[in-house]
Amino acid sequence: MVASSKTLTNNETDDLVNALVRKDVLNMVPYQSARREQSGGSCWLNANEAGNSNDLSVNLQNLNRYPDFQPQQLISAYADYAGVDNNQVLATRGADEGIEVLIRTFCETASNNKNAGNSDSIIICPPTYGMYAISAKGHAANIITLPLTNDLQLDLDGLTANKDNAKIVFICSPNNPTGDVIKRDDIISTLELFKNSALVVVDEAYIEFCPEFSTVTLLNDYPNLVILRTLSKAFALAGLRCGFTLASHNIIEMMAKIIAPYPISNPVSAIASQALTADLALMQQRVDSTNQLNQHIASFLDAQPWLVKRFSSKTNYILFQADNAQQIFAALVEHGVLIRNQSSQLGLNNCLRVSIGSIEELELFKNAVNNFNSNQQSGS
Ligand SMILES: *Cc1c(COP(=O)(O)O)cnc(C)c1O
């Protein structure tokens, strides 16, 4: 299927978003913080801040002031990086907050729902990232589960059968924890299926490792497309807590009513803006070396006597299935090497996921595995 090349009109996106958003949110005026209400001026006595923070032992500028709701420099930097307009970007505390705010913005809970007292639903496609379900439960939204097919792709029949049953479809591509991308044609089919009934959220947390698979070029064709991004993975800034939601400006506007009034602190904004401009080349180098290490670890895993299956990965982690996954996992823990046991996920019995860390970390991983192998041979 080929995306239509027309660009959306404002009316088209307005109508859809107004129909999908929670009624309370549609009519809501966002909290008018001092920063949102007034800008400019030279003497700021409108937000109950301290006049300065020179007496603190940390030496950072402007910590006494509330941040802008959405710091312009940061929004412009991400919009430039992603190739979208500024009004198509919402900065969040990690992509996780994007997930949470989407559900709170679009899913009516039972008590509020004119639709026979049922909560709205999200669709998830496991095995996949766990936070979609957690955030849904936290908001009392229903969860429709449509497992990925055997080749780890979308169940298009299941999606078709549920095309009028959900407000949000979450698609993770590349998928965590399996590691491969969802076919672009299937994502387009899903956008078409739900174009009058639900948002289709494509979680691109790992897209820097395979940027050619991004759906960002579809944004101007599909008013129901939402893309989640983060600085936690390829940008190496998980501790910063900074992510982005990319969507039509109408969707961003609705989410902006629900998100906290100051989600991005001044230091976060300064560090993230730097990472997205002056340090962008560093991210690229990190991606290149990670992708090389990925191949190296893939070959290492392929040579293991206990390997049942290695999943193909376009990310900074590799999922693999082993005869004796529990034993391997425990042996690594004994060496202080922590990997993730995914065995409790749907269809992922005896599956372990290793992150592509630094060369030094991966040496420790390989040593621990080799050690496990020789202990097996010697029967100890
Ligand atoms: C890590 C991850 C996130 C969350 O990222 P943060 O920006 O750190 O909140 C979201 N989605 C997927 C698939 C992830 O793996």
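Below, all heavy atoms of this structure are taken into account, side chains as well, without hydrogens, waters or symmetry copies. All values derive from a computational prediction rather than experimental measurement. All ligand and atom numbering here is 1-based and tracks the order in the structure.
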Taking atom types as modelled, find out whether Asn86 and Ser76 have a side-chain donor-acceptor pair closer than 3.5 angstrom. yes

For residues Arg93 and Ser265, is any side-chain donor paired with an opposing acceptor at under 3.5 Å? no

Gln321 CD: over 12 foreign heavy atoms closer than 6.0 Å: yes

Is the Phe320 to Phe300 ring centre distance short of 6.0 Å? no

Note, Cys107 side chain near Ile168 side chain (heavy atom, < 4.5 Å): yes

Counting heavy atoms not belonging to Asn27, are there more than 12 under 6.0 Å from its CG? yes

Return the protein residues near ligand 1 (heavy atom under 4.0 Å from any of its atoms), ordered by chain and residue number. Gly94, Ala95, Asp96, Tyr129, Cys172, Asn176, Asp203, Ala205, Tyr206, Thr230, Ser232, Lys233, Arg241

